[in-house]
Amino acid sequence: MVNTEQQGASLFIGLGNMGRPMVLNYAPDRELFVFDVNGETAAEVAAEAGATALADLDSIPAQVRTVILMLPNSRIVEQVLRSEPGLLSRLATGSLVVDMSSSEPASTVALAKEAASLGIDYVDAPVSGGVAKAVTGQLAIMVGGQDGAVARALPHLEPLAASTVHVGPPGTGHAAKALHNLLSATNLAAAAEILSVAKAVGIAPVKMLEVINGGTGRSQASEFKYPRHILTGTFDSGFAMDLMLKDLTIAQGLIESTSSQAPIVLTARETAVKAREVLDSPSPDHTEIARYYEKLNGTLLRAD
């Protein structure tokens with residue numbers, strides 16, 4: 001059994017669409033505990049991964065030295081780490097916390113300072129690649145943290161990632177994720193506009209995608225999201241539009257706080273907000289932004 005850096009056991013918190021497959025890739029040859037607010041999910045994942053499910057976070061096993069978080073937002077991360085008695089106050093000195101959620105950079109910076117005051121290393125390591133890459137262990141990970149903390153975290157990230165980039169100090173990983181997702185959303189919306197116009201002039205969406213993906217206009221959206229999740233009409237990428245909007249709002253805050261000029265990507269965020277207002281699904285997939293354009297233009301972006 002691997003005892004990474006002789007740090008003891010790991011605790012993985014958050015077993016949703018992304019966390020569940022990540023645990024399955026992370027678990028082999030490790031002493032691992034898992035927790036989710038859905039106890040049934042935690043039990044299922046523990047059985048599949050050969051891990052131990054915790055019924056709650058009130059009593060953390062003494063051997064836990066690494067905590068990995070994959071949670072929906074900063075509010076929940078703060079609740080887990082700060083609530084009395086929060087994890088930060090109960091982890092042993094020398095422990096490591098790796099926040100792989102899509103959190104707010106300012107919150108991350110504050111939590112990293114609190115952790116440091118307790119002798120705990122803190123790294124933000126959000127991911128890109130969606131459920132498909134989480135399943136295959138080929139996520140792209142943006143890492144923020146002090147050099148020593150990042151070096152400790154890398155062995156925990158390797159089973160999950162095709163690439164890791166240390167982008168800077170605490171908080172910059174989450175900043176990079178938000179900015180990346182704003183660009184990704186821009187590509188997604190721009191492709192919907194182009195495909196809509198192409199269809200209006202008599203070019204089938206699947207043919208226009210062939211043109212785009214064979215040229216310089218291609219993107220991850222055109223190469224994967226449109227063929228797999230939009231032209232098929234399934235809209236099942238596994239990444240909710242509400243989570244995308246959260247990331248876009250974080251990115252907007254970064255742009256505004258630095259007085260940067262970014263009219264194109266900010267317009268894409270406004271479009272995503274309008275799309276969410278128009279769509280009738282209670283929890284639309286982020287790829288359903290294409291449905292917004294279908295409604296606007298009275299057309300369907302589907303394969304023949």
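Hydrogens, waters and symmetry mates play no part in the numbers below; they use all other heavy atoms, side chains included.
Placement of Leu245 and Leu71 in two distinct hydrophobic clusters is found when ILVMFWY residues are connected by side-chain heavy-atom separations under 4.5 Å, directly or transitively. Cluster annotation: Ile76 and Leu91 are assigned to the same hydrophobic cluster (Ile/Leu/Val/Met/Phe/Trp/Tyr, side-chain heavy-atom contacts under 4.5 Å, transitive). Grouping the Ile, Leu, Val, Met, Phe, Trp and Tyr side chains by contacts below 4.5 angstrom, directly or via other members, places Met100 apart from Leu179. Neither Tyr226 nor Val131 shares a network with the other; the hydrophobic side chains, linked directly or stepwise wherever heavy atoms of I, L, V, M, F, W or Y lie under 4.5 Å apart, form separate groups for each. Hydrophobic clustering (ILVMFWY, side-chain heavy atoms < 4.5 Å, transitive): Leu188 and Phe224 are in distinct clusters.
In this structure, a donor-acceptor pair under 3.5 Å is absent between the side chains of Asp36 and Thr41. Side-chain contact, Thr108 with His174: a donor N or O sits under 3.5 Å from an acceptor N or O. Residues Ser10 and Tyr26 bring a donor and an acceptor atom of their side chains to less than 3.5 Å of each other. No side-chain donor-acceptor contact under 3.5 Å links Thr299 and Asn297. Residues Lys177 and Ser102 bring a donor and an acceptor atom of their side chains to less than 3.5 Å of each other. Residues Gln220 and Ser184 bring no donor and acceptor atom of their side chains to less than 3.5 Å of each other.
Using a 4.0 Å cut-off between charged nitrogen and carboxylate oxygen, Asp247 and Arg269 do not count as a salt-bridge pair. With salt bridges taken as basic N to acidic carboxylate O contacts below 4.0 Å, none links Glu104 and Arg75. A salt bridge links Arg302 to Glu294: at least one charged side-chain nitrogen sits closer than 4.0 Å to a carboxylate oxygen. Note on Glu277 versus Lys274: no salt bridge recorded, every NZ/NE/NH1/NH2 to OD/OE distance being 4.0 Å or above.
When atom types are taken as modelled, the side chain of Lys199 and the backbone of Leu300 share a donor-acceptor pair closer than 3.5 angstrom. No donor-acceptor distance shorter than 3.5 angstrom exists from the side chain of Asp121 to the backbone of Gly94, with no hydrogens or angles considered. At least one donor-acceptor pair under 3.5 Å links the side chain of Lys246 to the backbone N or O of Pro72. Ser101 places no side-chain N or O within 3.5 Å of a backbone atom of Ser103 that could act as its donor or acceptor partner. With hydrogens and angles disregarded, a donor-acceptor distance shorter than 3.5 Å links the side chain of Asp285 to the backbone of Gly238.
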### From CA spacing to verdict: salt bridge (charged side-chain N to carboxylate O under 4.0 Å, His left out), Arg291, Asp280
CA-CA 10 Å; Arg291 289 184 56 226; Asp280 51 9; 3.4 Å; yes

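Val98 has its side chain out of reach of Leu69: every pair of non-hydrogen atoms, C-beta onward, lies at least 4.5 Å apart. Contact check for Met18 versus Leu139: side-chain heavy atoms found under the 4.5 Å cut-off. Side-chain contact between Val143 and Thr172 is absent, with no heavy-atom pair separated by less than 4.5 Å. At least one side-chain heavy atom of Ile255 sits under 4.5 Å from a side-chain heavy atom of Leu266.
Here the CD1 atom belonging to Ile212 is positioned 11.0 Å from the CD atom belonging to Glu210, to the nearest 0.5 angstrom. Put simply, CG on Leu15 and CD on Glu40 are 12.5 Å apart, with the number rounded to the nearest 0.5 Å. Rounding to the nearest 0.5 angstrom, the gap separating the CG atom in Leu87 from the CZ atom in Phe35 is 9.5 Å.
Applying side chain to side chain contact (heavy atoms under 4.5 Å, CB included) to Met22 and the options Ile68, Asn17, Leu160 leaves one that passes, Leu160.
Close placement of the Phe239 and His286 rings is indicated, their centers lying within 6.0 Å of each other.
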